[in-house]
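First the structure, in the form of structure tokens, and then the observations on it.
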Amino acid sequence: MRTVIFDLDGTLADTSADLIAAANTAMQAMGHAPQLRVGQDDATAFRGGRAMLKLSLERMGHGDVAGEVERGYPILLAAYGEALDVYTRLYPGALDAVQALWADGFRVGVCTNKPELLADQLLQRLGVRDLFASLIGADTLATRKPDPAPYVAAVEQAGGAVARSLLVGDTVTDRDTARAAGVPSVLVTFGPLGQSVADMAPDALLGDFGQMLDVARALLD
């Protein structure tokens with residue numbers, strides 16, 4: 001069974017503003033000034049909570065970045081869980097693309113480095129959870145992307161075959177995950193990294209979700 005597995009943050013949905021808000025809230029809770037800005041730090045937001053805290057603390061010249069990141073991470077997760085869909089929206093055409101894949105006989109799932117519970121809650125609030133036959137998060141297994149195990153689990157949970165699957169993402173982590181699993185990678189160009197994702201040499205680029213079905217057919221048929 002042909003299967004398309006999507007990353008979530010920066011691929012299916014623009015979650016950057018809510019992620020940045022949570023990081024700034026965590027910084028304030030720890031007694032620091034907020035450091036991140038929407039539009040400027042979106043790429044870091046899509047790399048996750050620890051990356052955002054690390055950048056924030058480095059900007060202010062904190063003397064114990066690693067320790068403070070670990071102190072702030074649970075605070076960030078709690079803040080994000082309370083407000084994860086204030087600004088977040090699916091990218092234009094994402095819903096139609098997923099529905100078109102299903103209509104063409106593809107299985108569809110999600111593999112993300114967001115904690116599974118938060119990913120599930122976000123997809124529920126966006127009204128699209130039922131469109132994905134699998135959901136594997138950062139804490140579902142003992143490992144996370146770019147280890148291939150979460151990707152393989154996402155394909156199998158969706159009822160697909162790894163040999164006839166591909167991963168759609170937005171970062172080098174997704175590209176590396178696909179390579180480790182021995183499957184094609186498709187990177188979107190509408191995220192903060194833009195056309196520069198071409199430098200990562202994915203198997204295909206996706207500039208618009210209207211191209212998704214054609215790209216999937218070309219790589220898997």
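Numbers for residues simply follow the sequence, beginning at 1. Note that these values count all heavy atoms, side chains included, but never hydrogens, waters or copies made by symmetry.
- At least one side-chain heavy atom of M212 sits less than 4.5 Å from a side-chain heavy atom of F6.
- Looking only at side-chain heavy atoms (C-beta outward), L76 and T25 stay at 4.5 Å or farther from each other.
- Side chain of D9 to main chain of T15: no donor-acceptor pair is present (N/O by atom type, distance under 3.5 Å, no hydrogens or angles).
- The hydrophobic cluster around V172 extends to L187, L193, V197, M200, L205, counting ILVMFWY residues whose side-chain heavy atoms fall within less than 4.5 Å of a member.
- Within the 4.5 Å cutoff, no side-chain heavy atoms of D14 are placed close to those of F190.
- Salt bridge R2/D221: present, at least one basic N to carboxylate O contact under 4.0 Å.
- Among pairs with a residue in residues 63-72, those fulfilling salt bridge (charged side-chain N to carboxylate O under 4.0 Å, His left out) read R50-E70, E68-R71, at least two apart in sequence or across chains.
- Contact of the Q195 side chain with the T189 side chain is registered, since non-hydrogen atoms from C-beta on lie closer than 4.5 Å.
- The salt bridge (charged side-chain N to carboxylate O under 4.0 Å, His left out) analysis of residues 157-182, with sequence neighbours excluded, yields the pairs K145-D174.
- Separation of the F209 and Y91 ring centroids does not fall under the 6.0 Å cut-off.
- Applying the salt bridge (charged side-chain N to carboxylate O under 4.0 Å, His left out) test to residues at least two apart or on different chains, none of the pairs has a partner in residues 193-213.
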Check: residues 150-160 side-chain donor-acceptor pairs under 3.5 Å, at least two apart:
| residue | atom | partner | partner atom | Å |
| --- | --- | --- | --- | --- |
| Y151 | OH | S165 | OG | 2.6 |
| Y151 | OH | L166 | N | 3.2 |
| Y151 | OH | L166 | O | 3.3 |
| Q157 | OE1 | L135 | N | 2.9 |

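- Residues near L117 contribute nothing to a hydrophobic cluster around it, because no ILVMFWY side-chain heavy atom sits closer than 4.5 Å to its side chain.
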